[in-house]
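Residue numbers begin at 1 in each chain, while the letters A, B, ... track the order of the sequences. Small disclaimer: the values here were computed from a predicted structure and weren't measured.
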Amino acid sequence: MISVTQLTKRFKEFTAVNELSFEMQPGDIVGFLGPNGAGKSTTMKMLTGFLAPTSGEIHIDGMDLATNSKAIQAKIGYLPEGAPAYGDMTVIQFLNFIAKVRGIDSQHRDQRIADVVQQLALEKVLDKPIENLSKGFKRRVGLAQAIVHDPQILILDEPTDGLDPNQKHQVRELIQHLSKDKLVIVSTHILEEVTAVCNRVIVIADGELRFDDTPEALLKQSKYHQAITLHLSYQADISGLLELQGVADMHVDRATGRVTLFPEPGAQILHLVTEYAQVRKLPVDTLYIEQGRLDEVFRTITKERVA
Amino acid sequence: MNALGIIVKREFASFFATPVAYVFITIFLMLSGVFTFFIGQFYERGQADLLPFFNFHPWLYLFLVPAIAMRSWSEERKSGTIELLMTLPISVTQAVLGKFIAAWAVLGLALLLTFPLWVTVNYLGTPDNGIILAAYVGSWLMAGAFLAVSLCMSALTKNQVIAFILAIVVCFLFVLSGSPVVLDVFQGWASAMVIDTVASLSFLTHFEAMAKGVLALNDIGYFLIVIVTFMIANHMIIEQKKAD
């Protein structure tokens with residue numbers, strides 16, 4: 001549905017996006033990850049037709065964005081970075097304006113607006129000018145305008161920035177609920193968000209594609225994936241743990257007293273560790289399998305490659 | 001309603017959502033009164049026409065039109081709403097036209113609200129109302145030219161003050177291009193044709209006949225060309241550097 005080939009954007013000398021290629025299908029909820037300045041927003045601006053690429057092609061629904069931008073823009077809902085909106089309009093005026101421009105006919109318009117107002121809990125601020133709203137409300141107004149025409153493709157640039165944990169949760173639920181047959185692209189630098197809502201992750205750094213797979217696959221890249229962390233209630237000899245088959249490394253955190261055992265790639269070590277602990281009567285009071293640590297993977301993937 | 005109509009309506013409403021339109025209209029009415037009665041000596045002339053009123057319009061527009069136009073594009077750039085606007089399924093042409101029409105309508109409204117002057121002159125004497133109507137139309141057309149220039153300058157920058165000053169400078173050159181201030185620069189080295197061309201670009205020269213109620217085709221054509229030219233430039237600027 002979205003097909004991007006060799007997408008490149010240069011600003012004078014600076015290459016913001018470098019030969020990016022990917023494909024996305026309906027049903028994909030894609031998390032766009034990357035450090036600040038990695039090219040996430042620039043890519044989104046090109047996908048929505050706001051910026052013209054220096055080179056490369058974007059095809060959406062089989063149409064070339066360069067020649068069919070209006071038809072494609074009608075299918076896209078877009079929340080730009082920072083959720084800009086006309087501050088002098090009230091929320092209801094603004095949503096009405098967007099709904100009209102989006103061509104929602106007058107019979108359905110009120111119903112659609114009522115729906116998104118309810119979905120984003122904007123009832124209390126409908127008649128307030130947008131410039132007087134809190135950051136959280138502004139963001140939600142931006143989301144409301146992005147989904148008011150029930151778009152097939154939803155592109156959200158940092159939708160949860162500035163929201164409190166409850167509001168973040170609300171927005172994530174909203175994204176999950178609307179996306180059975182839709183294509184959603186969410187940029188964020190909140191790593192947990194990706195595992196919480198997305199079924200696909202694309203990591204960009206320095207304008208280049210560094211990773212494109214499921215969140216589970218991203219976690220698997222972590223050396224903490226399937227690692228076992230345990231804690232002993234009092235000191236005991238644990239040196240034997242390192243000898244166990246399949247254990248590659250052991251790390252003891254002096255501050256917390258937690259011991260982490262890293263498996264060799266593909267090895268399952270849980271049963272060996274529990275067996276050992278029982279036989280040696282180790283005073284284990286906590287033991288769990290690590291899923292992998294996103295921040296560690298993120299750092300590994302995005303840090304500059306040494307040539 | 002089509003997209004252009006929706007944009008015009010939004011832009012027009014936004015002038016009145018903030019005090020911009022009210023302040024503009026009030027100042028316009030006050031200043032045009034002051035110019036007409038005190039400087040234009042409306043009563044002392046003893047003539048039943050509105051020439052002293054119309055004669056000052058280029059000078060009023062010189063400051064007031066850039067003031068009303070300066071935020072149009074600058075604000076969109078500054079607040080980032082240009083990204084929203086340009087990713088909606090509307091064309092740049094519709095956006096440029098919409099902003100122009102909305103602001104031109106505000107200028108038209110301000111002109112209409114000077115009707116007490118027309119009432120006064122009809123009460124005091126028997127003016128030729130056809131001439132007055134023609135002069136109103138001419139003045140509105142000239143206001144459109146000032147507006148197109150100012151909107152184009154607003155598209156250049158995200159800073160409203162810079163947009164305002166740029167617009168005044170460019171408008172000022174257009175107003176004065178028939179006067180010695182500008183022509184002296186060309187005198188002595190440029191050919192007579194160049195000087196004539198520069199002189200013919202003057203808003204003042206073209207408005208002179210209009211203020212007297214003569215709507216000559218070349219004057220109307222001139223202002224229309226200025227409007228269209230600057231709107232095309234505006235379109236190009238937005239198209240080229242909407243993201244800057």
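In terms of non-hydrogen atom pairs under 4.5 Å with chain B, the most contact-rich of A/Phe97, A/Tyr86, A/Tyr78, A/Phe94 is A/Tyr86.
Looking at heavy atoms from C-beta onward, B/Pro89 lies in side-chain contact with A/Arg102 at the 4.5 angstrom threshold. Under the 4.5 Å side-chain criterion, counting only non-hydrogen atoms from C-beta, A/Met89 is in contact with B/Arg10. Using a 4.5 Å heavy-atom cutoff, the side chains of B/Thr87 and A/Ile76 are not in contact. A/Lys100 has its side chain within reach of B/Lys9: a pair of non-hydrogen atoms, C-beta onward, lies under 4.5 Å apart.
The contact between A/Gln145 and chain B is made entirely by side chain atoms (from C-beta outward), counting heavy-atom distances below 4.5 Å. Heavy atoms closer than 4.5 Å to chain B are found in the backbone of A/Ala85, but not in its side chain. With a threshold of 4.5 angstrom between heavy atoms, A/Phe11 does not approach chain B through any atom at all. Using a 4.5 Å cut-off between heavy atoms, B/Thr18 touches chain A through its side chain atoms alone.
Proximity to chain A at a heavy-atom threshold of 4.5 Å picks out B/Arg71, B/Glu76, B/Ser79, B/Gly80, B/Thr81, B/Ile82, B/Glu83, B/Leu84, B/Leu85 from residues 54-85 of chain B, in numerical order.
More than 12 non-hydrogen atoms from other residues, nucleotides or ligands lie less than 6.0 angstrom from CE of A/Met63. Counting heavy atoms of neighbouring residues, nucleotides and ligands inside a 6.0 Å radius, atom CZ of B/Phe172 does not exceed 12 of them.
One finds the CG atom of A/Asp88 at 10.5 Å from the CZ atom of B/Phe15 (value rounded to the nearest 0.5 Å).
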